[in-house]
Amino acid sequence: MITRKWNRPQSVFMRTSLRYVDYEGAIRAGKTTPLVWKIINYGIEHPGIMMALFRWTQDALDMQLKAKFYEECPRELLGPGPRPRKGTDLKTGWNAKGEFQEFTNGSLVYMRSLKSSDDASRYVKFAGLTLAVIGIDQPEELPLDIYSALKGRLSQAGYPQQMLLTPNPPAPNHWLADEFPTDGKPVPEGHLYLCTTMYDNREFLGDKYALRVD
């Protein structure tokens with residue numbers, strides 16, 4: 001694992017191996033960066049691993065999640081693998097048709113939006129994918145059936161398998177509240193709920209920002 005300076009909730013998130021992880025926090029709590037870095041570390045440590053980073057809409061994917069991935073990922077990791085897939089750019093490792101980024105060691109991360117323009121083909125963005133790790137930024141935007149269908153994509157044998165969620169706090173009746181209960185109900189096996197706040201991220205934001213929000 002590439003080490004960085006993480007605050008405590010981020011460190012727990014980075015190290016957990018439980019299958020379903022909900023790392024929840026409000027705006028500026030510092031959720032997307034560790035999500036991206038956990039994907040990067042999996043790509044480094046497990047050559048050939050198949051992963052995905054998802055947002056609900058294309059605009060949010062391009063402007064936020066995808067931009068953060070390329071901002072954080074060391075350039076030397078990115079490029080065509082030992083056996084480049086058809087359509088992969090032999091300089092950058094990006095495959096525009098497949099919407100995935102290759103790592104030079106053969107690992108791969110899809111970066112796609114999940115919202116389909118045709119409700120009859122609402123699973124088309126991930127149908128047929130065999131994945132080991134799925135990261136979903138702001139999954140509170142997703143309908144429950146999309147999330148449930150994505151669980152079935154965690155099926156790449158021989159690799160760690162994890163669903164990583166980084167939502168803003170959902171409404172009490174949201175499906176996330178049932179999947180990761182915090183009201184005393186039993187937590188399903190293999191699930192971990194982590195809560196973080198802007199104040200956990202204060203070292204990175206600076207006191208001036210935190211005081212201004214206060």
Side-chain angles (χ1 to χ4, degrees), residues 1 4 6-43 45-46 49-57 60 64-65 109-110 112-115 122-123 125-202:
M1 177 184 291
R4 286 170 53 110
W6 303 110
N7 64 41
R8 186 180 180 281
Q10 290 172 344
S11 181
V12 174
F13 174 78
M14 291 297 295
R15 295 184 181 282
T16 183
S17 60
L18 288 174
R19 188 174 180 85
Y20 301 104
V21 183
D22 178 5
Y23 183 50
E24 180 185 300
I27 184 172
R28 305 304 292 161
K31 308 183 299 292
T32 305
T33 298
L35 172 63
V36 163
W37 268 102
K38 187 143 187 169
I39 292 290
I40 292 168
N41 277 319
Y42 270 131
E45 295 170 2
H46 302 279
I49 195 170
M50 307 283 281
M51 305 172 289
L53 281 169
F54 292 128
R55 276 292 300 257
W56 180 236
T57 66
Q64 299 175 42
L65 186 57
V109 56
Y110 292 92
R112 294 180 178 179
S113 64
L114 290 168
K115 187 176 183 180
R122 58 195 283 111
Y123 308 131
K125 297 294 188 77
F126 56 90
L129 297 185
T130 299
L131 302 169
V133 180
I134 296 174
I136 310 174
D137 198 29
Q138 294 195 218
E140 73 276 6
E141 300 171 339
L142 272 61
L144 174 57
D145 68 299
I146 297 289
Y147 172 71
S148 298
L150 280 168
K151 285 183 173 182
R153 298 294 100 202
L154 291 177
S155 54
Q156 187 185 16
Y159 292 91
Q161 294 183 0
Q162 258 193 331
M163 177 84 78
L164 304 167
L165 311 176
T166 51
N168 290 328
N173 60 346
H174 195 278
W175 59 261
L176 274 164
D178 293 326
E179 187 79 4
F180 299 90
T182 59
D183 56 0
K185 294 179 181 177
V187 178
E189 185 178 355
H191 287 59
L192 175 65
Y193 171 81
L194 293 169
C195 183
T196 188
T197 71
M198 179 191 69
Y199 298 100
D200 294 317
N201 205 34
R202 192 167 185 156

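- Distance CG/L129 to CG/L154: 11.0 Å, rounded to 0.5 Å.
- Residues passing the side chain to side chain donor-acceptor pair (under 3.5 Å) test with S113, sequence neighbours excluded: Q58, K125.
- For Y147 against E179, the heavy-atom pair with the smallest separation is OH-OE2, 3.2 Å.
- Looking only at distances, no side-chain donor or acceptor of Q10 sits under 3.5 Å from a matching main-chain atom of T196.
- Between V187 and Y20 there is no side-chain heavy-atom pair separated by less than 4.5 Å.
- Under the 3.5 Å distance criterion, the side-chain polar atoms of K115 are left unmatched by any main-chain donor or acceptor of R55.
- A donor-acceptor pair under 3.5 Å links the side-chain atoms of H174 to the main chain of E140, judged by distance alone.
- The closest side-chain heavy-atom distance from L131 to Q156 is not below 4.5 Å.
- To the nearest 0.5 Å, atom OH of residue Y123 and atom CG of residue D145 are 3.5 Å apart.
- Taking 4.5 Å as the limit, every side-chain heavy atom of T182 sits out of range of all side-chain heavy atoms of E24.
- By the side chain to side chain donor-acceptor pair (under 3.5 Å) test, R19 is found to be paired with Q161, residues two or more places apart in sequence or in another chain being considered.
- Ring pair Y159/H46 is perpendicular by interplanar angle, where above 60° counts as perpendicular and below 30° as parallel.
- Taking all atoms of both residues into account, the shortest heavy-atom contact from P188 to P181 is CD-CD, 3.9 Å.
- Formation of a donor-acceptor pair under 3.5 Å by the K31 side chain with backbone atoms of Y23 is not found in this model.
- Looking only at side-chain heavy atoms (C-beta outward), T57 and Q138 stay at 4.5 Å or farther from each other.
- A distance-only check finds no donor-acceptor pair linking the side chain of W37 to the backbone of M14 [under 3.5 Å].
- Nearest approach of L176 to P170, heavy atoms of both residues: CB-CG, 4.0 Å.
- The two residues H191 and F180 have their closest heavy-atom pair at CD2-CE2, 3.6 Å.
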Q) Can you check side-chain contact (heavy atoms from CB on, under 4.5 Å) on Y42 and V109, steps first, answer last? A) CA-CA 10 Å; Y42 270 131; V109 56; over 6 Å; no
